[in-house]
Amino acid sequence: MKITAIHSHVLQTDMPEELGYSQQYYAKRTAHLVEVQTDEGITGWGECFGPGNVALANKGIVERVIAPMVLGSDPLDRDVLWHRVYNLLRDHGQKGMPLQALSGVDIALWDIAGKVAGLPLHKLIGGAHRTQVQAYGYGMMLKRESVADHVARFADEAAAIRDMGFVATKMKVGLGARDDVKLCEAVRRGVGPDFDFMVDANHCYTTPDAFYVGRALEELGAYWFEEPVAPEDLDGYRELRAGLKVNISGGEAEFNRWGWRAILENRGLDIAQPEVCALGGISEYLRVLALCHAHHTPVINHVWGSAIAVAVNLQLLAAMPPLPGGLFPREPWLEFDTTLNIFRDEMLLEPLNIQQQVADNGGFVTVPTGAGIGVEPDRDFIARYEIE
Ligand SMILES: [Mg+2]
């Protein structure tokens, strides 16, 4: 079996309204799919993390840098190909966009392996520890509006996400430490005293500001405080984890086993959030998962992007061993963006209908059982939104 072609599809659409997080506002939704074709007619699909112009640059890496390294090779040799590409790109970037690009190709190779075996990805990895996964819903994005308007909206949105059936909710912050505490108080008021909420700073704070917000989160009983400081600030992570009672989470901006080894050895995370479409694909995710568990650090995957990324994550969450195990273990959750995303909700021939599943099944989503990642994108849909 041979790889005959690798195509990268960047899809984009205008969003109904501009949304923001602590780093920027954005008005376009992007998805970057990778398609690997073979001489036996089996096609694999993968996805690369990275919006907007980053996706376009990653497309160049996929098609002009990685594809020539792997065309003609056996797609089942995915670990061999991973190391061939990584070793040849090492001098040009051990993190960031080369790894995001490699992730999409690697995921497509795993999809092919599953289709060849006639098995879903979770069976290929070692079986399903769970056949359904509870989802948490995030929303409460920033907008160009006053602090008072944010406060009122966040309380309402938090209650609405709880009422949709999600198991917990997650909010953004980023207006500045003092105002951010007001937003967190509003979300606690919105969801009531007994519902989990989490706070995602997207690395906007200095360590002292993160302590200020983190102490408020202790009082409010937030479940985790995500990316409080810059991902490079390993000492800041360690100090926050040692000094705050709220769980410190992060890792979506970290790459490969060597980057993850550094965070974990520095004891900076209570909860690890690896992003399979960025850190190096499924091959590298499995190594990072083992490394996290070797440090007794629970994993709740970071999930972003189209239905391909969501399906891959459902497969990985099914195959994740319990840590440490027990009659009533804390199970991993599926991260779900509650803002409108047609690339997630309308791109598949058979949609996952996650929000409907959440509403009907007490927050649970069923893991796909088809071969490979278990979903197939609609080529007409891709053609309609493809920009390059
Ligand atoms: Mg995040």
Side-chain angles (χ1 to χ4, degrees), residues 19-26 29-31 47-52 54-55 95-96 99-100 103 135-143 154 157-158 161 166-175 177 180 183-184 187 196-205 209-210 213-214 217 222-234 236-237 240-241 244 246-255 259-260 263-264 268-279 285 288 292 297-306 309-310 312-313 316-317 332-339 341 344:
L19 295 174
Y21 60 105
S22 69
Q23 303 299 320
Q24 63 182 330
Y25 298 103
Y26 56 100
R29 177 85 62 192
T30 318
E47 179 159 356
C48 303
F49 178 82
V54 172
K95 296 189 178 192
L99 271 288
Q100 292 171 350
S103 298
Y136 76 87
Y138 86 78
M140 293 159 279
M141 312 293 293
L142 304 186
K143 293 186 186 176
F154 273 35
E157 272 190 45
I161 291 171
F166 290 99
V167 69
T169 189
K170 189 167 84 182
M171 60 183 290
K172 295 294 187 187
V173 287
L175 302 180
D180 288 344
L183 301 184
C184 299
V187 167
D196 280 326
F197 81 98
M198 295 80 78
V199 178
D200 189 357
N202 295 100
H203 49 75
C204 67
Y205 298 130
D209 280 350
V213 174
L217 296 184
Y223 180 43
W224 76 59
F225 189 13
E226 179 169 330
E227 285 201 298
V229 294
E232 305 94 317
D233 186 5
L234 299 187
Y237 268 96
L240 288 162
R241 183 176 180 225
L244 291 172
V246 63
N247 290 311
I248 301 298
S249 73
E252 66 183 79
E254 193 49 80
F255 299 85
W260 274 93
I263 309 183
L264 292 163
L269 290 181
D270 292 295
I271 294 168
Q273 297 169 301
E275 168 51 70
V276 66
C277 299
L279 64 76
Y285 167 91
V288 167
C292 291
T297 305
V299 171
I300 298 184
N301 296 351
H302 179 261
V303 183
W304 181 91
S306 83
V310 173
V312 169
N313 276 285
L316 295 175
L317 291 167
W333 288 339
L334 174 72
E335 175 170 12
F336 187 85
D337 175 358
T338 63
T339 65
N341 182 349
R344 184 192 56 217

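Fair warning: this is a prediction, and the values are worked out from it, not measured in the lab. Residue numbers count from 1 along this sequence. Just so you know, ligand 1 is whichever comes first in the structure, and atom 1 is the first atom listed for that ligand.
In this pair, Trp333 and Trp224 present their aromatic rings tilted. The plane angle is within the 30 to 60° band.
As for Glu226, its N/O/S atom nearest the Mg ion (ligand 1) is the one called OE2. Residue Glu252 approaches the Mg ion (ligand 1) most closely through its N/O/S atom OE1. Atom OD2 is the N/O/S atom of Asp200 found closest to the Mg ion (ligand 1).
At a cut-off of 3.5 Å, with distance as the only test, a side-chain donor of Tyr285 or Asn301 sits close to an acceptor on the other residue.
What you find for Thr339 and Arg29 is that their closest heavy atoms are OG1-NH2, 3.2 Å.
In this structure a side-chain-to-backbone donor-acceptor pair under 3.5 Å is missing from Ser306 to Arg344.
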